[in-house]
Number of protein chains: 2
Amino acid sequence: MAGKATRQQIVDAADQLFYSQGFDHTSFADIAAAVEISRGNFYYHFRTKDEILDAVIAKRLADRQALLASWDERGGTAQQRIACFIRIVIINQSKIMAWGCPVGTLTSELEKLEHASRNRANEIMALFRDWLVARFEEMGSGAAAQEHALHVLSWSQGVATLAQTFKDEAFVRREVEQILAWLEDLADGERSKDF
Amino acid sequence: MAGKATRQQIVDAADQLFYSQGFDHTSFADIAAAVEISRGNFYYHFRTKDEILDAVIAKRLADRQALLASWDERGGTAQQRIACFIRIVIINQSKIMAWGCPVGTLTSELEKLEHASRNRANEIMALFRDWLVARFEEMGSGAAAQEHALHVLSWSQGVATLAQTFKDEAFVRREVEQILAWLEDLADGERSKDF
DNA sequence: GTCTATATAGTGATAGAC
DNA sequence: GTCTATCACTATATAGAC
């Protein structure tokens with residue numbers, strides 16, 4: 001097995017384990033077992049646990065950037081692309097019900113640990129925020145774009161947390177319909193400004 | 001120092017530490033240091049860490065029940081009492097910005113750990129939900145009471161998560177104003193049904 | 001009720017053989 | 001690049017003195 005492939009396998013396994021078990025609760029032994037390498041070999045690829053965390057954060061950031069870029073490249077109105085973001089909670093419903101939002105739960109955990117990399121993890125949330133701000137500006141929200149972006153992002157975190165607690169599919173569906181209706185009304189309002 | 005007082009001190013210290021550091025990351029040594037007793041003495045009061053968790057969950061449940069009861073006893077309309085719930089995110093703003101929502105972050109952590117007590121922790125969230133359902137029914141929301149209750153609860157979790165990540169006071173204030181306006185509109189709507 | 005001393009298992013991390 | 005063996009440390013938990 002090539003070195004790069006092993007390193008990638010470690011990052012992928014750690015990504016999944018940090019999500020499902022939490023960062024602090026995941027041990028080297030857990031990751032090593034998932035990749036099927038010895039703990040000793042582990043340290044050839046990463047010197048510390050924090051280095052793995054940084055690699056996982058970098059991977060998550062890159063993954064989300066690629067996801068957002070794919071929505072932008074597919075074209076469509078700003079409203080349609082914001083709707084793509086909203087529908088993540090349905091597409092990833094089963095994972096969210098088991099482990100919550102991968103972004104929100106990591107930032108929350110690292111904040112509590114006062115971990116040195118917590119600001120780097122927060123950058124993933126900031127990536128979503130800034131992308132949403134740009135989309136709302138595109139929609140014509142102007143100075144309110146920041147407010148609307150944070151509103152949608154906050155909505156997604158609330159839905160994820162309650163979905164994880166109560167595992168209520170109907171709740172998630174209703175909330176998606178409601179925020180999509182809100183978005184529709186907002187888009188209508190912005191368009192009517194032009195007259 | 002009386003036994004009961006020591007036990008209570010342990011529960012109070014564990015409550016705070018589980019909130020600020022997380023359950024898994026808090027050790028007996030941490031709690032013992034906070035209460036200023038030896039680790040050995042610790043086991044006279046609690047046999048396992050899980051027993052302390054159960055005591056903390058019971059305390060949090062009782063505290064919230066008392067809080068909700070105090071709002072009900074103070075009187076006022078259902079709308080005004082729901083507004084009390086909404087304003088928690090402002091009253092507890094500094095704690096929420098540091099450590100998130102004590103209820104949401106605990107349920108999230110215990111779900112990831114697949115901890116045996118996770119359903120007991122979820123009962124605290126269910127307590128808020130059921131109280132909100134009763135208040136929306138009182139307001140005249142009928143079958144939509146459950147939906148409105150989960151909407152407000154979800155809102156609170158989203159605001160708490162984003163407040164912890166971005167520490168943006170203006171965001172919290174705006175979200176509170178918006179949901180209070182939504183609640184006002186809803187109350188107006190329910191009242192007009194009577195005619 | 002409180003303490004010290006200790007058992008046992010798991011943690012992150014290192015050294016060195018292959 | 002991968003392994004085994006090992007270290008220092010911390011964790012939960014117990015035993016027994018006071």
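Order of the sequence lines sets the chain letters (A, B, ...), proteins ahead of strands, with each chain counted from 1. Computed from heavy atoms alone, side chains included, the values below leave out hydrogens, waters and symmetry copies.
As judged by a 4.0 angstrom heavy-atom cut-off over every strand, F28(B) is placed among residues touching the sugar-phosphate backbone only.
Pairing analysis of DNA chain C (Watson-Crick: purine N1 to pyrimidine N3 plus N6-O4 or O6-N4; G-U wobble: N1-O2 and O6-N3; both under 3.5 Å) yields stems of 3 or more pairs at C:1-18 with D:1-18.
Regarding D24(A), its CG atom lies at a distance of 17 Å from the P atom of dG10(C), rounded to whole Å. In this entry the distance linking CD of E36(A) with C1' of dT2(D) reads 14 Å, nearest Å. For R7(A) and dT2(D), the CZ to P distance is 13 Å, given to the nearest whole Å. The distance between atom CZ of R47(A) and atom C1' of dA15(C), rounded to the nearest whole Å, is 15 Å. The NZ-C1' distance, from K49(A) to dG10(C), rounds to 12 Å in whole Å. I37(A) places its CD1 atom 21 Å from the P atom of dC18(C), with the value rounded to the nearest Å. Taking atom CD1 of residue I31(A) and atom P of nucleotide dG10(C), one finds them 17 Å apart after rounding to whole Å. Nucleotide dT12(D) holds its C1' atom 13 Å from the CG atom of D30(B), rounded to whole Å.
In this structure, the nucleotide among dT2(D), dA13(C), dT11(C) sitting nearest to the side chain of H45(A) is dT2(D).
Not one side-chain nitrogen or oxygen of Y44(B) sits closer than 4.0 Å to the OP1 or OP2 atom of dT2(C). The shortest distance between the side-chain N/O atoms of T6(B) and the OP1/OP2 oxygens of dT2(C) is below 4.0 Å. Side-chain N/O atoms of H25(B) include none lying less than 4.0 angstrom from OP1 or OP2 on dA11(D). The phosphate of dT2(D) (OP1 or OP2) has no side-chain N or O of S38(A) nearer than 4.0 angstrom. Close to dG12(C), at under 4.0 Å from its OP1 or OP2, lies no side-chain N or O of T48(A).
Between N41(A) and T26(A), the residue whose closest nucleotide on DNA chain C is further toward the 5' end is T26(A). Both R39(A) and F42(A) lie close to DNA chain D; mapped to their nearest nucleotides by heavy-atom distance, the more 5′-ward contact belongs to F42(A).
The residues E138(A) and R81(A) are annotated as salt-bridged, a charged nitrogen and a carboxylate oxygen being separated by less than 4.0 angstrom.
When all heavy atoms of L150(B) and L162(A) are compared, the closest pair comes out as O-CD2, 3.6 Å. Closest approach of M139(A) to E190(A), counting heavy atoms only: O-CB, 3.3 Å.
In K95(B), the NZ atom is not crowded: 12 or fewer heavy atoms of neighbouring residues, nucleotides or ligands sit closer than 6.0 Å.
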Practice prompt. For T107(A) and Q164(B), run side-chain contact (heavy atoms from CB on, under 4.5 Å): C-alpha distance rounded to whole Å, both residues' side-chain angles, the deciding distance at 0.1 Å, then the answer.
Written response: CA-CA 8 Å; T107(A) 58; Q164(B) 193 190 8; 5.9 Å; no
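S108(B) contributes no side-chain N or O that, together with a main-chain N or O of G104(B), makes up a donor-acceptor pair within less than 3.5 Å.
In terms of hydrophobic clustering, with Ile, Leu, Val, Met, Phe, Trp and Tyr side chains grouped at heavy-atom distances under 4.5 Å, I88(B) and V133(B) are assigned to different clusters.
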